Structures are given as structure tokens and as C-alpha cells.
Amino acid sequence: MPNSTIPVITIDGPTASGKGTVAHKVADRLGFHLLDSGALYRLSALSALRRGIDLGDEHALAKVAEHLPVRFNGGHIYLGTEEVSNAIRAEEVGNTASRIAALPAVRHALFGLQLSFRETPGLVADGRDMGTVIFPGARLKVFLTASVEARAQRRYKQLIDKGFSASMDDLLADLQSRDARDTGRAVAPLAPAEDAHLLDTSGMTAEEAVEQVLAWYAHR
Ligand code: DC
């Protein structure tokens, strides 16, 4: 099957809108592959922080992104031989990811790697620009939203469950500044594609959101 005919479902949205969970469950239900594109920006950020790279050095950061020794294995994420699935979820790493994601050279460096996830029988891709930039021809595009309070609650629970400490006030402030940066950047800003289905998940369970996405896919 030529690569361009392999079906793709894109699920974009702001931080903690539930897109990771929804994308994961939709991929499971359809037997599709999953691309967590945010993890690639987080891995680049973790790698850069550990190597002490100047966050103003776009060229050096792009090099890190281009040569990421990343491996995804059944829900586990490895950088080289080290499992970093939890380490990349730390707030410092997320904030750094959001900063370096504004750099065109970093986005460019991760472009080909993201396309390579498109494999049979299909792909669910989650991120900010999956429907607008990476897979503009996707069969179904979904844009998830949720109120900033609902998202802060979810992020709080996620962090506590993973054994990190967290404060709601700090999380709300972080989410707002990350939203502003992800939405306001010049390159591939967070925005729904023109042909995206919008879904506000504030009062919804993950299961309800999954059912809606599957229904849209069935009727696309
Ligand atoms: O989805 P996430 O919170 O794991 O993403 C971390 C950061 O990476 C986010 O603040 C913005 C950036 N990102 C991006 O710019 N484009 C994507 N497709 C995915 C994530």
C-alpha cells in the first residue's frame, strides 16, 4: 500500500486536553499505530537539559532533535537504553519542550521522524500540528479542547499518580503560559485545521470522547 493511502486520524489540542488518553484508546480499538508527537519534543528537551545545551542555541537543539536515539516499545519510551517514560512528563521538561518547539529548526528536524510512523494498517497521531502541518491529508481530524480548570485538574492527577509533587496554582499558571506560547508562536501554532471536528471534553469521560471519535471515523 503506498504510504499516502494509509489512513491517519489526527488528534490535536492544548496541554492536558485528554488527547493522549483518547489517541491511545482510539489506536487500541482500531489496531492502529500511535504517534505521540509531544513525546518527541519532550525527549529533545530532556536530552538538551541533560547535556546542558543553551536553550537559545537553535542549531545545537535541532541537532539533538535530529539525532534522538529514541525507541517506543509497547507504551514504554527509551532514550538510548534508558527508560524515560516518566522522566519526560516532569513539568520542567514539558515547559522546555514548549520553548524549543517554537524553533523552526527543531520542528524541521522532527518532521521526517513523525512521517515514518505512518504504517499499515493505520496511524493515530496526537499533538498540536498533526492535522495542519504533518498529516494535512488525514482521513479524520479532531481538535480537543477543555477548560483550563478541567485541564489543570487532569494534569494534577497525572502528576500525583506518577509520584511527582504538584500545586494547582502553579499548574494553572503553567498551563496558561504554555497555551499562550503554543498558540502564539509563528511556526505551526496550535490551531484546529479548517476541516477538523471540534470536541470539548470538559464534562466528558475519556470513554465518551473515544466513542465520539470512533463514530466520526465510521461516518467520515
Ligand atoms: O503534548 P505534550 O504536552 O506532551 O507536548 C509538549 C510540548 O511539545 C508542547 O508544549 C508543545 C510541543 N508540541 C508541539 O509543538 N507540536 C506537537 N505536535 C506536539 C507537541
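Order of appearance sets the numbers: ligands from 1, and atoms from 1 within every ligand. What you are looking at is a predicted structure, and each value in this text was computed from that prediction instead of being measured.
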Can you pull out the closest protein heavy atom to [atom]? Residue, atom name and distance to 0.1 Å, please.
atom                    : value
atom 16 (N) of ligand 1 : Arg107 NH2, 3.0 Å
atom 8 (O) of ligand 1  : Tyr41 CB, 3.5 Å
atom 7 (C) of ligand 1  : Ala97 CB, 3.8 Å

Open item on the list: Just checking His24: does its NE2 atom have more than 12 heavy atoms from other residues, nucleotides or ligands closer to it than 6.0 angstrom?
Closed with: no
Task: Arg178 atom CZ: more than 12 heavy-atom contacts under 6.0 Å - done: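 Yes, the 6.0 Å shell around CZ holds more than 12 heavy atoms from other groups.
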Task: Working for salt bridge (Lys or Arg N to Asp or Glu O under 4.0 Å), residues Arg155 and Asp174 - done: CA-CA 11 Å; Arg155 181 48 56 88; Asp174 265 10; over 6 Å; no
- [ ] Tell me yes or no: between the side chains of Glu83 and Ser85, is some donor less than 3.5 Å from an acceptor?
- [x]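 Yes - a donor-acceptor pair under 3.5 Å links their side chains.
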Task: Option from Glu208, Arg154, Arg151 for which side chain to side chain donor-acceptor pair (under 3.5 Å) with Thr201 holds - done: Arg154
Open item on the list: Between Phe72 and Phe117 (judged by ring centroids, cut-off 6.0 Å), do the two rings come close enough to count as a pair?
Closed with: yes
TODO: Could you check Arg89, Arg128, Arg42, Lys19 and say which one makes a salt bridge (charged side-chain N to carboxylate O under 4.0 Å, His left out) with Asp36?
DONE: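 Going through Arg89, Arg128, Arg42, Lys19 one by one, the salt bridge (charged side-chain N to carboxylate O under 4.0 Å, His left out) with Asp36 is satisfied by Arg89 alone.
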Using a 4.0 Å cut-off to any heavy atom of [X], which atoms of ligand 1 qualify?
X      : result
Gly127 : 18 (N), 19 (C)
Arg42  : 2 (P), 3 (O), 4 (O), 6 (C)
Ala101 : 12 (C), 15 (O)
Lys19  : 1 (O)
Met130 : 18 (N)
Arg178 : 3 (O), 10 (O)

With only distance considered, is [X] within less than 3.5 Å of ligand 1 through an N or O on each side?
X      : answer
Ser37  : yes
Gln114 : no
Asp182 : yes
Arg128 : yes
Asp126 : no

Do the side chain of [X] and the main chain of [Y] share a donor and acceptor less than 3.5 angstrom apart?
X      : Y      : result
Ser47  : Ser44  : no
Ser202 : Ser147 : yes
Lys141 : Pro136 : yes

Open item on the list: Tell me whether ligand 1 is touched by Arg181 - counting only heavy atoms on the residue side and a distance under 4.0 Å.
Closed with: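 Under 4.0 Å: no for Arg181.
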Task: Residues clustered with Leu172, ILVMFWY side-chain links under 4.5 angstrom - done: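 Its cluster partners, ordered by chain and number, are Val148, Leu175.
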- [ ] Out of Ala39, Pro14, Gly38, Ala188, indicate the one that has the non-hydrogen atom closest to atom 20 (C) of ligand 1.
- [x] Gly38
Task: ligand 1 versus Arg185: contacting region, heavy-atom distance under 4.0 Å - done: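 Contact part for Arg185 vs ligand 1: side chain (C-beta onward).
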